Amino acid sequence: MPLTAQELMDMIRAIGQTLEENKAFLTELDSAIGDADHGINMAKGFHAVEEKLPDLTGKDAGTILKTVGMTLVSTVGGAAGPLYGTAFMRAGMAVGSKEVLDTRDLVRALEAAIQGIKQRGKAERGDKTMIDALEPAYEAIEKEIAAGKEAGAALAAGVAAAEAGVEYTKGIIARKGRASYLGERSIGHQDPGATSSYLILKTMAEFLSGRK
Amino acid sequence: MVGIVIVSHSAEVAEGTKKLAQQMTPPELPLAAAGGTRDGRLGTDATLIQEAIQSVAGPDGVVVLADLGSAVLSTEMALELLPAEVRERVVLADAPLVEGAVAAAVESSLGKSLVEVKAAAEAARNLSKVS
């Protein structure tokens, strides 16, 4: 750590790049149990974010995160828009007008983001949603930070937990979203939302540990 | 009159439902459609819904009807984006989209209250079509 506002924007760009690279994969997962648009929608949203980022140069972390959230809300199109939009907006509120984020800020922002997704989607663990990746990830991160680990290392533990969460979604019935219409036929497929959440966390961890 | 907003993943469904409701109601009934995304995809956009609500919001309030999953999420998000004085007079009806919209529009045109219009929309789910 610490993470400057400029680095935060670079991290958001890196997330956009990951989602662009995984556009076909996420859409394929969504075509199995949903409406076949998750990858396309996420890539659209983050393209719009990327276009907004140059205007945010010199702004504080809270403003950057809130603007990213509002942009996702108005451009993604599917349920992921209000869900990830709320996540970024809540993260922005959690860090406020800070210009440099430390490890504690990062954990607070992640917690606020995950709480936001839970409230917006009214989902619990086991519903086959992003929460199945995000909640275990947050718990792992919090544990590592409490044990004195660096943010990068803690996030890496979170990524492992998120990956296990994605695996877990393969064996359960969807109770939320379009996939819930399929009932038992949703078993055997990993959840696209949990997968995009995992990819976002993985990119954050790589960014935080890979930079100088 | 109570304003009515029709939210669908499809711009055509929202617009078509609005037309069906208008067929039975006077032209001055405040009715708005918020379907699809700004770039013409299937989906929902909380900011489009927010604009639709504001376009029909008056002292009598607004009833919103939504179709599948994320339409409800986006509507709830739109409610949060509204100014508090508008938001407090907006309700989301737990109703079938087409039948609910027609029932709500008729009820609103009769000068009924926000609570009554919402109830009429929600009662539409119990109307039997096949006897």
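For clarity, every value in this text was computed on a predicted model and none was experimentally measured. Below, chain A is the first sequence line, B the second, and so on; all start at residue 1.
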Heavy-atom side-chain contact between A:R13 and A:M9 under 4.5 Å: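 Of all side-chain heavy-atom pairs linking A:M9 with A:R13, at least one is under 4.5 Å.
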Minimum side-chain heavy-atom gap A:K66-A:T63 below 4.5 Å: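 The answer is no; the side chains never approach within 4.5 Å.
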Contact listing (chain A partner; residues 86-108 of chain B; heavy atom under 4.5 Å):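 Not one residue of residues 86-108 of chain B has a heavy atom under 4.5 Å from chain A.
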Per-residue contacts, residues 44-58 of chain B versus chain A, heavy atoms under 4.5 Å: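 B:T44, B:D45, B:A46, B:T47, listed by number.
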Engaged part of B:T37 at the chain A interface, taking heavy atoms whose separation is under 4.5 Å: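 Only the side chain of B:T37 comes within 4.5 Å of chain A.
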Contact winner vs chain A - B:R41, B:R38, B:E80, heavy-atom pairs under 4.5 Å: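 Counting heavy-atom pairs under 4.5 Å, the top option is B:R41.
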Quick check for you: to the nearest 0.5 Å, what is the distance between [X] atom [atom1] and [Y] atom [atom2]?
X     : Y     : atom1 : atom2 : result
B:K18 : B:T25 : NZ    : OG1   : 10.5 Å
A:Q17 : A:I15 : CD    : CD1   : 11.5 Å
B:T17 : B:L20 : OG1   : CG    : 6.0 Å
B:L68 : A:D35 : CG    : CG    : 8.5 Å

From A:V76, A:V49, A:L53, residue fulfilling side-chain contact (heavy atoms from CB on, under 4.5 Å) relative to A:T71: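 Exactly one pass, corresponding to A:V49.
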NZ/B:K112: more than 12 non-hydrogen atoms of other groups inside 6.0 Å: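 More than 12 within 6.0 Å, yes.
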A:K202 atom NZ: more than 12 heavy-atom contacts under 6.0 Å: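 No.
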Test item: side-chain donor near acceptor, A:H38 and A:S196, under 3.5 Å: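 Yes, A:S196 and A:H38 have a side-chain donor paired with an acceptor closer than 3.5 Å.
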A:T203 versus A:E206, side-chain donor and acceptor atoms under 3.5 Å: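 On atom types as modelled, these side chains do not qualify, holding no pair under 3.5 Å.
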B:E12 bridged to B:K19 by N-O distance under 4.0 Å: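 B:K19 and B:E12: not salt-bridged.
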Sorted by number, residues from residues 82-112 of chain A in contact with chain B (heavy atoms, under 4.5 Å):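 A:P82, A:L83, A:T86, A:M89, A:R90 fall under the 4.5 Å cut-off.
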Close approach to chain B in residues 163-189 of chain A, criterion heavy atom under 4.5 Å: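 Near chain B, by residue number: A:R178, A:Y181.
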